[in-house]
Amino acid sequence: MQEHNILQRDLVFFDAFCGMGSVADSLKSTYNHIVVNDSLKCASFFTRGKLYSNGCTFRSLGFDPFMFLNESTGCIHGFVYENYSPGGSDRMYFSEENAGRIDYFRMQIEQWKEQEQITEEEYVYLLACLLESVSDVSNTAGVYGAFLKHWDHRALKPVVFSKIDSGDGVAGVVESFNNKIEDIISNVECDILYLDPPYTQNQYGTQYHLLETLILNDNPPISRVTGSRPTTPMRSNWSKMYQAHILFEKVVAETEASHIILSYNNDGFMSKDYIEKTLKRFGVEDTYSCTAIDYKKYNNTKCQGADGHQEFLFYIQKRPTEEVIVESPLNYTGSKTKMVPIIKQYLPQERLATFIDLFGGGFNVGINIQAERIIYNDINPFVEGLIKSFSTDTYEYLLYVSRLIQKYELTPNSREGYIALRNKYNSTPIPKRDPRMLYTLILYGFQQQIRFNTDHGFNNPVGSRWFNECLLSKFITFARCSKNKNVVYSNASFERLADQIGRDSFIYADPPYRSTLGVYNDGKRGFEGWTLEHEQRLCQFLDQAAQIGARFMLSYVLQVEGFYNADVADWAERNHYRVIDVAVPQGRYNNRREVLIVNY
């Protein structure tokens, strides 16, 4: 972190998955203000215990609680004794003697708290020490998902109430949360966000249920075999394929932090490429870094990856929210993704009431606009259906696509499975066609184009592309933004939106160009093309909108190679509309003049 100049005491450090607190504890002398969070209460308590440890004097108690507890002979046949030792069950988590002592320790700490003999910090610290002491004599293989069927020698030693190990120094300001990070991230004020999420199917709630019960002290109902408390409230979606991707993107997008650090490894659900693409979308690209650290591989049945085990440490400086560009997951001809910053630059500065994306296409412009209401419109019902489908449940959408990919064995240039899926889609009556199936076809089609024949059958041949990590990242960001915005979807000719336009409307029009036609608007594939008549009707439509006080922006190409659109140029000059030249790469066309025409 030193090379990024963030080891500054006045910065607020947020350990979002604090676990057993090793990172937060190591930084308590570096940052004056540390925020910790974990969905497990036992983890957040243990971390806070480390942060508080060197400041606990037990002045009000008047004696050393460690000496008192270890010298006492107190033993209680409480919840631990009855449920986790042979004293009251068949479970062998603890010996009878140690279970009774643990119940006594827990009761005594709670009593001191209730009698106000210890502070909140001292209470948390003692409970953290209890967890440490319990772990020293547990008859388990390291976690509490199950107990051993024979007694380990260390489990038969008398339990000792011992202090937790912690670093030097005393934390200044400690703020603590006990939530799922995705539910609170937008409300946590911090400068540095450190993420160390789960990366396998293992559920920590199942593995640490007993420690959670010790902290909560709530005598919960438990399962017959392992004695686990109900784990559903503790289950983390970070331990699921695709859910981890969705949550990571959400956290990165919504945090207020200026600096993001992620610890992850190559056994995780998220690939290095996906993480990089997502971080760079929301961060300053030049600040991105990834450091790989080799470790000896740890293997179990739920953790299977490459032979080499690598831990990755990612860093990026987050860019201002208004500079983030959301990209459509469709490879749509004529996409305005690269022009979005320019378009936003020339928009009215105030927040818009209604933004109408008149020729929505891939929705690259409208999805990036801040407005009370956004109307997406496209005359192609299949395109409109695709864009609308992205606003449904993202996890279920990805599972559906994944199942199709596996069922039809879709891979780049794999024709047999692709044709079978295409035939399945085309043989389905149009009203019943699933846009998710169409999207899967597009992913593996030639150049990921949207091509239909005159009978509205999808006819793009198989291609060499696939659902790669870059597309996955785009898809998840686009889907989240679609759900977060108030979007109305429309499938109509632009003229039919006249009744949607009022004085507070802003119209963005990016129609097809007479000079350059794509496969989606050439008039040969079952959909209406674009002619001089259409262009004239659009100009009249924009004139009428201007007359009632609406503002508009027309994105158009006035010149390309030997073609010059004098009709549109004369129309703009005649109505005193402002023509803004846009600098764009020439690409395969020469003398290309692209403009924005506005009436304000």
Side-chain angles (χ1 to χ4, degrees), residues 185-186 193 245-246 248-260 273-288 314-352 355-372 374-376 378 383 386-387 390-391 394 448 467-487 506 508-510 553-555 580 582-585 587 594-596 598:
I185 186 63
S186 59
L193 172 65
H245 298 76
I246 294 167
F248 174 68
E249 189 275 343
K250 173 183 169 67
V251 167
V252 171
E254 295 185 359
T255 182
E256 294 184 2
S258 301
H259 307 272
I260 300 172
D273 286 344
Y274 174 82
I275 293 169
E276 179 178 346
K277 295 295 183 184
T278 303
L279 287 177
K280 285 183 176 180
R281 177 173 303 110
F282 295 98
V284 180
E285 189 167 340
D286 292 344
T287 67
Y288 170 84
F314 299 88
Y315 166 82
I316 202 158
Q317 180 181 332
K318 194 176 179 188
R319 71 174 71 185
T321 302
E322 61 272 13
E323 295 181 9
V324 175
I325 303 300
V326 179
E327 298 181 59
S328 173
L330 294 179
N331 180 28
Y332 204 81
T333 304
S335 165
K336 288 296 184 289
T337 302
K338 294 181 179 179
M339 279 184 57
V340 168
I342 301 172
I343 291 170
K344 292 175 70 174
Q345 176 185 346
Y346 288 103
L347 287 177
Q349 295 304 303
E350 75 272 14
R351 183 177 176 87
L352 302 173
F355 183 91
I356 303 174
D357 202 340
L358 204 58
F359 300 85
F363 204 22
N364 282 288
V365 174
I367 198 68
N368 284 286
I369 303 303
Q370 296 299 321
E372 300 297 330
I374 298 172
I375 298 177
Y376 167 90
D378 200 274
V383 173
L386 275 170
I387 296 296
F390 297 148
S391 63
T394 306
Q448 296 179 332
F467 197 19
N468 58 40
E469 300 299 276
C470 180
L471 261 177
L472 176 61
S473 179
K474 284 183 183 179
F475 179 95
I476 290 173
T477 296
F478 188 92
R480 178 184 54 80
C481 291
S482 295
K483 289 189 279 285
N484 286 349
K485 294 178 182 290
N486 179 20
V487 182
F506 186 95
Y508 174 74
D510 180 27
M553 174 185 286
L554 171 64
S555 181
I580 303 165
V582 177
V584 294
E594 191 150 352
V595 299
L596 299 174
V598 301

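Note that the coordinates shown come from a computational prediction; the quantities given were computed from them, not determined experimentally.
Looking at Ser482, its side chain does come within 3.5 Å of a backbone N or O of Phe478 through a donor-acceptor pair. With Gln349 contributing its side chain and Leu347 its backbone, the two residues share a donor-acceptor pair below 3.5 Å. For the pair Asp378 (side chain) and Val383 (backbone), a donor-acceptor distance under 3.5 Å is absent. Remark: the backbone N or O of Glu322 is paired with a side-chain donor or acceptor of Lys344 at under 3.5 angstrom. Between the side chain of Asn368 and the backbone N or O of Ile325, no donor-acceptor pair lies under 3.5 Å. Thr287 contributes a side-chain N or O that, together with a main-chain N or O of Gln317, makes up a donor-acceptor pair within less than 3.5 Å. Side-chain atoms of Lys250 never come within 3.5 Å of backbone atoms of Arg480 as a donor-acceptor pair (strictly under, hydrogens ignored). The backbone N or O of Ser473 lies less than 3.5 Å from a partner atom in the side chain of Thr477, making a donor-acceptor pair.
Classified by interplanar angle (parallel below 30°, tilted 30° to 60°, perpendicular above 60°), the ring pair Phe467/Phe475 is perpendicular. Aromatic ring pairs are classed by plane angle as parallel below 30°, tilted from 30° to 60° and perpendicular above 60°; the pair Tyr288 and Phe314 is tilted.
A heavy-atom distance below 4.5 Å is not found between the side chains of Gln370 and Phe355. Counting only heavy atoms from C-beta outward, the side chains of Val365 and Asp510 never approach each other to under 4.5 Å. Considering only heavy atoms from C-beta on, Tyr346 stays 4.5 Å or farther from Val598 through its side chain. Put simply, the side chain of Lys474 reaches to within 4.5 Å of the side chain of Arg281, judged on heavy atoms. The shortest side-chain heavy-atom distance between Ile387 and Leu330 falls under the 4.5 Å cut-off. A 4.5 Å side-chain heavy-atom check between Phe363 and Phe390 finds every atom pair outside the cut-off. Contact check for Leu596 versus Ile342: side-chain heavy atoms found under the 4.5 Å cut-off.
Between Pro348 and Phe506, the shortest heavy-atom contact is CD-CE1, 3.6 Å. Contact between Pro329 and Leu471 at its shortest, heavy atoms only, is O-CD2, 3.5 Å. Taking each heavy atom of Ser555 and Glu594 in turn, the nearest pair found is OG-OE2, 4.2 Å. Between Tyr274 and Ile246, the shortest heavy-atom contact is OH-N, 4.5 Å. Pairing each heavy atom of Ser335 with each of Thr337, the nearest pair is OG-OG1, 2.8 Å. Annotation for Ile476 and Thr394: closest pair CG1-CG2, 4.4 Å, computed over non-hydrogen atoms.
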Start with the C-alpha distance between Leu193 and Lys318, add both sets of side-chain angles, then the distance that settles side-chain contact (heavy atoms from CB on, under 4.5 Å), and finish with yes or no.
-> CA-CA 10 Å; Leu193 172 65; Lys318 194 176 179 188; over 6 Å; no
side-chain contact (heavy atoms from CB on, under 4.5 Å) between Leu386 and Tyr332: does it pass, once the steps are laid out?
-> CA-CA 12 Å; Leu386 275 170; Tyr332 204 81; over 6 Å; no
Starting from the C-alpha separation in whole Å, work towards a yes-or-no answer on side-chain contact (heavy atoms from CB on, under 4.5 Å) for Tyr376 and Ile367.
-> CA-CA 9 Å; Tyr376 167 90; Ile367 198 68; over 6 Å; no
Step-by-step side-chain contact (heavy atoms from CB on, under 4.5 Å) determination, Asn486 to Glu372 | CA-CA 7 Å; Asn486 179 20; Glu372 300 297 330; over 6 Å; no
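Open room surrounds NZ on Lys277; 12 or fewer heavy atoms of other groups in view lie less than 6.0 Å from it.
Taking CG of Asp357 as the start and CD1 of Ile369 as the end, the distance is 8.5 Å to the nearest 0.5 Å. The distance from atom OH of Tyr508 to atom CD1 of Ile356, rounded to the nearest 0.5 Å, is 14.5 Å. Atom CD1 of residue Ile275 and atom CD1 of residue Ile316 lie 12.0 Å apart, to the nearest 0.5 angstrom.
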